[in-house]
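Just so it is clear, the model here is predicted, and its values are computed rather than measured. Worth knowing before you read on, the calculation uses all heavy atoms, side chains too, and leaves out hydrogens, waters and symmetry mates.
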Number of protein chains: 2
Amino acid sequence: MTSARERVRSELTAEITAAARRQLADVGAAGLSLRAVAREVGMVSSAVYRYFPSRDDLLTRLIIDGYDDLGAAAEAADDPAEAPAGRWSAVCRAVRAWALEHPHEYALLYGSPVPGYRAPQDTVPAASRVGGVLGRILGDAARGGALPEAAGTRDPSLISDAAVEVLGGDHPSLDETVRVRALLAWSSLYGTISFELFGHFVGSVEDGDRYFDLAMDDLARLIGL
Amino acid sequence: MTSARERVRSELTAEITAAARRQLADVGAAGLSLRAVAREVGMVSSAVYRYFPSRDDLLTRLIIDGYDDLGAAAEAADDPAEAPAGRWSAVCRAVRAWALEHPHEYALLYGSPVPGYRAPQDTVPAASRVGGVLGRILGDAARGGALPEAAGTRDPSLISDAAVEVLGGDHPSLDETVRVRALLAWSSLYGTISFELFGHFVGSVEDGDRYFDLAMDDLARLIGL
DNA sequence: TCTCGAACGAGAGCACCGCTCTCGTCGAAG
DNA sequence: CTTCGACGAGAGCGGTGCTCTCGTTCGAGA
C-alpha cells in the first residue's frame, strides 16, 4: 500500500539523514547545519523542512539511529555461551570500539545534551539496548550460579522496578547492593570512555587499550561476575 | 604600575566574563552568544573583540574559571584530619553538589568538547585541582597505613609518571593495580554525575542522593580506602 | 608640555545560520 | 478529468560570529 510518493518520500528522508550523519561525523553536532545538509542532497534549505520540522528533530533522528547502531554493536558482541566475566569485557570493548569509531556520534549520545533537552520518550527504547545487554549478562550470571548469594535487601525507593527487571529481575543473588554496583559499573563504563574521548585522560593514561581492559576487569569484579 | 587604562581594561574584561557566565548559566554553552554578552554590558559586539579574540576564547576563559571554581569547592570540602574514606565521600559529594548547582558549567567542563577541541595547555592546571585533591587523599591513606600492602608492580607504559606523582607517589601500598582503580574511581565519579545530570538515570535511579552515596562508598572500597 | 601612536568604541558589512511564508507545479485520489 | 494536497524553489526575517574602517581618546616618550 506504499504509493510512489510515499516511497520517494522515505527515500529522500533516508538520504537526508545519511547526509546529516556524514556531516555529524565531520563537524560534530554543534556544527551540523541544516542548510549544508540540504546543499549536499541538492535541495534548497526550506525543502528539508518538509521532512524534518526542525534541526533539533533531525538531531533527534540521529540520536535514535546512533543508539540503535551502538546497541546493535553491543548485542552482536555478546555471546551468551561465554562466561559472564568474558561477556562483560567483550561488550565493554565493543562499546568503546564503537565510540572510538564514531566520536561525534558518541558525544551526541553521551555528552552534553544539545537542544532545550531532547524529548526522551522516543529515544528510550533505542537508548536502553546496551543497558539491556549488560542487564542480561547480570541476570544470566545470577541464574547460572556465578554470583555469590546476596543479603536480599530490596529498597523500592532507590531503584525503579523497571530497572530491577532489566538488571536480571528477582533472584537470591541479586539484591539492592549488587544492583547499585551494576548501575555504577554501567555508568563507569561510559565515564571511562568519555574521559578518554574528551581528553581528560591526556597526561595520565598512556596505554588506553590496556587501561580500559584493566578497568573493566575491576568493574566486573565489583559486580561479582 | 597599573595605569588607569589597564585598570579599566581588566574591569571590563571581568564584566564581560561575568555577563558571559550569567548567560552560560541561563542558556548553556551552545546558546551563548557573544552579541548578547555585548548587549548586556552595553557594548557593541565588535568592541568585545578588543578583549576576547573569539567566542571560543571567551568559552575557554569560562572553562578555566569553572575548573577553578569546582576545584576550590573540592579543596574546601576536604578535611585532612578525617579518615580517608570519609574524605573521599566528602569530596565526591562536593563535586556533585557543585555540578547540580552549575549544570551548564559542568556540561561545559565534562560534556562534549565545544569548539575544534580547545587548547588543553591553559586549562590543565585548573582542571587538575579536583584530581589533585583525590590523589592527596590516596597518598595520605597510603602513608597513614590505611591501605593494604600492594604487590608493587610498576608499568611505566600504562600510567604516566606525572599521574603517578599526583596519585600519592611511591609507596609500598601503591602499585599499578591500585592506581588503575584510583583512575577508574576518578572517572566513575564523573560518569555517575554526568549520567544523573544528562538524564541517563531517568527511569532507573529513583533516589539520586542515596544512590550517589552508595556508589561512592563502593568506589572507596574499590580503591581500598 | 606637546605629540604621536596605540588602544578603544561604534558602525557597517559579509557570510552564514534556523525558520517562515508564498507561489507555481505535479501527482494521485475521487 | 478535476481537484486538492504534497512538494521544491525562492525571498525574506532576525539572528549569529567575525572583519574592517573610522573617529576619538588616552598616555608615554620627546
Side-chain angles (χ1 to χ4, degrees), chain A residues 1-24 26-63 104 108 113-119, chain B residues 1-17 19-20 22-24 26-63 104 108 113-119:
Chain A
M1 206 50 190
T2 61
S3 72
R5 195 160 224 169
E6 287 176 14
R7 206 176 54 222
V8 69
R9 179 180 178 83
S10 77
E11 275 176 15
L12 260 179
T13 306
E15 201 171 332
I16 291 173
T17 58
R21 203 181 198 80
R22 277 192 297 273
Q23 205 187 331
L24 172 62
D26 272 3
V27 297
L32 190 144
S33 146
L34 193 141
R35 290 176 109 111
V37 171
R39 275 193 298 270
E40 191 171 330
V41 296
M43 270 182 179
V44 88
S45 73
S46 61
V48 179
Y49 285 85
R50 303 280 185 194
Y51 300 86
F52 292 93
S54 80
R55 176 184 176 274
D56 286 352
D57 288 85
L58 182 54
L59 271 182
T60 302
R61 176 76 258 163
L62 295 183
I63 289 175
H104 284 127
L108 178 61
V114 179
Y117 290 82
R118 59 197 129 115
Chain B
M1 208 47 192
T2 61
S3 71
R5 194 161 225 168
E6 286 175 14
R7 206 176 54 222
V8 68
R9 179 179 178 83
S10 77
E11 274 177 15
L12 260 179
T13 305
E15 200 171 333
I16 291 172
T17 59
R22 277 192 296 272
Q23 205 186 334
L24 171 63
D26 271 5
V27 296
L32 188 145
S33 148
L34 193 141
R35 290 176 107 110
V37 170
R39 277 193 297 270
E40 189 169 332
V41 297
M43 270 183 179
V44 90
S45 73
S46 60
V48 179
Y49 285 85
R50 303 281 183 194
Y51 300 86
F52 292 94
S54 79
R55 175 184 176 275
D56 285 354
D57 288 85
L58 182 53
L59 271 182
T60 302
R61 177 75 259 164
L62 295 184
I63 289 174
H104 285 126
L108 178 62
V114 179
Y117 288 83
R118 60 197 127 115

Judged by modelled atom types alone, do A:D57 and A:T60 share a side-chain donor-acceptor pair under 3.5 Å? no
Close side-chain approach of B:R55 to B:L58, heavy-atom, < 4.5 Å: no
If you define the side chain from C-beta out and look only at heavy atoms, does anything of A:L12 sit under 4.5 Å from A:M43? yes
Value in whole Å for how far the [atom2] atom of [N] lies from [atom1] of [X]:
X     : N      : atom1 : atom2 : result
A:M43 : D:dC7  : CE    : P     : 9 Å
A:L32 : C:dC16 : CG    : P     : 16 Å
B:Y49 : C:dG13 : OH    : C1'   : 14 Å
A:R39 : D:dG8  : CZ    : C1'   : 17 Å
A:E40 : C:dC17 : CD    : P     : 13 Å
B:L59 : D:dT16 : CG    : P     : 15 Å
B:L12 : D:dC26 : CG    : P     : 14 Å
A:E6  : C:dA29 : CD    : C1'   : 12 Å

Minimum heavy-atom separation for A:Q23 and A:V37, please, with both atom names. OE1-CG2, 3.0 Å
So, for B:E15 and B:V41, which heavy atoms are closest and what is the spacing to 0.1 Å? O-CG1, 3.8 Å
Below 4.0 angstrom from OP1 or OP2 of [N], is there any side-chain N or O of [X]?
X     : N      : result
A:R9  : D:dG5  : no
B:S46 : D:dC18 : no
B:Y51 : C:dG9  : yes
B:R5  : C:dA7  : no
A:S33 : C:dG18 : yes

Among C:dT22, C:dG9, D:dG10, the one nearest any side-chain atom of B:R50 is C:dG9
A:A47 side-chain proximity, nearest of D:dT16, D:dG8, D:dG27: D:dG8
Under 3.5 Å, is there any donor-acceptor pair linking the side chain of A:R35 to the base of C:dG18? yes
Classify B:L58 by what it touches in the nucleic acid, base, sugar-phosphate, or nothing, heavy-atom distance under 4.0 Å. nothing
Any base atoms under 4.0 Å from A:S54, or only sugar-phosphate, or nothing? Heavy atoms, all strands. sugar-phosphate
